[in-house]
Amino acid sequence: MHTESKNVLELLQEYKIEAKSVAVAINLEIVKQEKWDSFLLKENDIIECLTFMGGG
């Protein structure tokens, strides 16, 4: 997909993803939430937004 977002935080905002309920991995490496605004996205990055759900 194509995005104009420059960092992880902008990407989450662009797609209206609730920051408190997601973990983000870039190229299979978890990016800590405190680094989302400074972690720059590059072309061909593999981005995963993971949410956790309870169940039974």
Side-chain angles (χ1 to χ4, degrees):
M1 72 181 167
H2 176 74
T3 181
E4 295 296 322
S5 298
K6 293 176 178 36
N7 61 47
V8 174
L9 186 57
E10 286 180 14
L11 183 72
L12 294 175
Q13 292 169 343
E14 178 182 347
Y15 286 92
K16 296 175 179 44
I17 297 172
E18 185 74 33
K20 66 181 179 181
S21 64
V22 69
V24 177
I26 308 291
N27 302 321
L28 302 177
E29 296 287 330
I30 297 291
V31 179
K32 292 185 178 183
Q33 190 170 4
E34 57 267 12
K35 295 186 178 191
W36 286 356
D37 62 342
S38 62
F39 192 97
L40 299 179
L41 301 174
K42 300 180 298 296
E43 189 171 350
N44 298 319
D45 274 345
I46 297 171
I47 303 166
E48 296 179 87
C49 296
L50 311 165
T51 58
F52 302 95
M53 299 173 15

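Along the sequence shown, the residues carry numbers beginning at 1.
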Visitor: Would the distance check show the side chain of D45 and the main-chain N or O of I47 forming a donor-acceptor pair, the cut-off being under 3.5 Å?
Guide: no
Visitor: Are V22 and V31 connected, step by step, through hydrophobic side chains (Ile, Leu, Val, Met, Phe, Trp, Tyr) whose heavy atoms are closer than 4.5 Å?
Guide: yes
Visitor: Shortest non-hydrogen contact from L41 to S5?
Guide: CD1-O, 4.0 Å
Visitor: Distance from L12 atom CG to E10 atom CD, nearest 0.5 Å?
Guide: 10.5 Å
Visitor: Looking at every non-hydrogen atom in both residues, tell me the closest pair between S21 and T51 and how far apart they are.
Guide: O-CG2, 3.4 Å
Visitor: Same hydrophobic cluster for L50 and M1, using side-chain heavy-atom links shorter than 4.5 Å among ILVMFWY?
Guide: no
Visitor: Between N27 (side chain only) and I46 (backbone N and O only), is there a donor and an acceptor less than 3.5 Å apart?
Guide: yes
Visitor: Kindly compute the distance separating CD (Q13) from CD (E18), expressed to the nearest 0.5 Å.
Guide: 11.0 Å
Visitor: Can you tell if the side chain of E48 reaches within under 4.5 Å of the side chain of L28, non-hydrogen atoms only?
Guide: yes
Visitor: Taking all heavy atoms of H2 and all of Y15, pick out the closest pair and write down the distance.
Guide: O-OH, 3.8 Å
Visitor: Given the rule that I, L, V, M, F, W and Y join up when any side-chain heavy atoms are under 4.5 Å apart, are I17 and V8 in one cluster?
Guide: yes
Visitor: Any heavy-atom pair between the side chains of F39 and E29 that's under 4.5 Å?
Guide: no
